[in-house]
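All remarks here apply to the structure that follows.
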Amino acid sequence: MARKIIIDTDPGIDDAMAIFFAFQAPQLEVLGLTTTFGNVSVELATQNAITLTEIAKVNVPVAKGVAVPSKIAPRPHPDFVHGADGFGNINWPAPQGKAIEKSAAQFIVDTVREYPGEVTIIALGPLGNLAKALEIDPEVANLVDEVVLMGGTAIEYGNVSPVAEANIMNDPHAADKVFTAPWQVTMIGLDVTHQVLLDNSVLDRIKQANPTEGGFLYDCAQYYIDFYSSRFDMDGCYFHDASTIAYLIDPSIFGVELGAVRVACEGIGIGQTIFAPQGMTFPEPHWTDVPMTQVCMEVDSEKLLTLFETTLS
């Protein structure tokens, strides 16, 4: 039976990779896309999410979510990474469809209530919609199958500060709520996504096999790859958001450690995901009685990229 998922997203080039990956995977049933600010504004994220459903010819609802962080001032959108349009400035035409009337958080709550114990939430951006869903209906945490999020870092350097990853930094208060709620969270952060390099040879083969989605991803990714190669002297880009989909299809690709995660919400370490490994005790009480998060620390890069390519081809 296909696993039911909601994808919470701020598309974004790597979000597009993840969403097409999920649409093409027979193991997954995408119940809807919920949108957030992050790579772009929430208005543009919503438009981009609808565009992706139309390119893939998939009929799933898109629900617009939070526009700003819960407590801190918004940070500028990283258009130097994803382009002003979120898709690498390829000037794709506006979509025909519209978002549903329901908010993202309400859509999450209602869908989880409809399928108790069956829905996994895949979070690819800042975590405001998940935090809001917990506010609307705290019980929902006990009814979600799993939350798999792309964000954070346990021991790898951050990408927006020495210790913070962008999705968590964008709304640290929301992230801390998500990590401390009583649902199963799996964190796929920079510890593993920085171990996987996606290059044009893979994207080119997908484009040959699947010209519609593959062609779109190839065109978008050129801007993204240019950013990475100019900044890190690498021939390709890191494999961030789509790693969550690979984890759902084949968790054996990843090596996981358990621990409590808290998020620093102020000061020099704002946005840091602070990982306290299971079994270790500390005099500070911040990690006491916090649920165990599954933190991905190892990945079989070759297996991951092969799964992505075969699924999209």
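Of the residues listed (Tyr223, Phe227, Tyr228), the one engaging Cys237 in a side chain to side chain contact (heavy atoms under 4.5 Å, CB included) is Tyr228, and it is the only one.
Using a 4.0 Å cut-off between a side-chain N of Lys or Arg and a carboxylate O of Asp or Glu, Asp171 and Lys71 do not qualify as a salt bridge. Under the 4.0 Å criterion applied to side-chain N and carboxylate O atoms, Glu43 and Lys64 are assigned as salt-bridge partners.
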Donor-acceptor list for residues 20-30 side chains, cut-off 3.5 Å, not counting sequence neighbours:
from, atom 1, to, atom 2, distance (Å)
Gln24, NE2, Glu213, OE1, 3.0
Gln24, NE2, Glu213, OE2, 2.9

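A 4.5 Å side-chain heavy-atom check between Phe275 and Asp191 finds every atom pair outside the cut-off. Looking at heavy atoms from C-beta onward, Asp10 lies in side-chain contact with Pro126 at the 4.5 angstrom threshold. Between Val261 and Met292, every side-chain heavy-atom pair lies at or beyond the 4.5 Å cut-off. Residues Lys207 and Phe216 fail the side-chain proximity criterion, which asks for heavy atoms closer than 4.5 Å. With contacts defined as side-chain heavy-atom distances shorter than 4.5 Å, the pair Thr51/Trp92 qualifies.
Aromatic ring orientation, Phe232 versus Tyr238: tilted (interplanar angle from 30° to 60°).
At a cut-off of 3.5 Å, with distance as the only test, no side-chain donor of Ser70 or His173 sits close to an acceptor on the other residue. With no hydrogens or angles considered, a side-chain donor-acceptor pair links Tyr247 and Gln294 at under 3.5 Å.
Under the salt bridge (charged side-chain N to carboxylate O under 4.0 Å, His left out) criterion, Glu257 pairs with no residue, sequence neighbours left out. Under the salt bridge (charged side-chain N to carboxylate O under 4.0 Å, His left out) criterion, Arg3 pairs with Asp145, Glu146, sequence neighbours left out.
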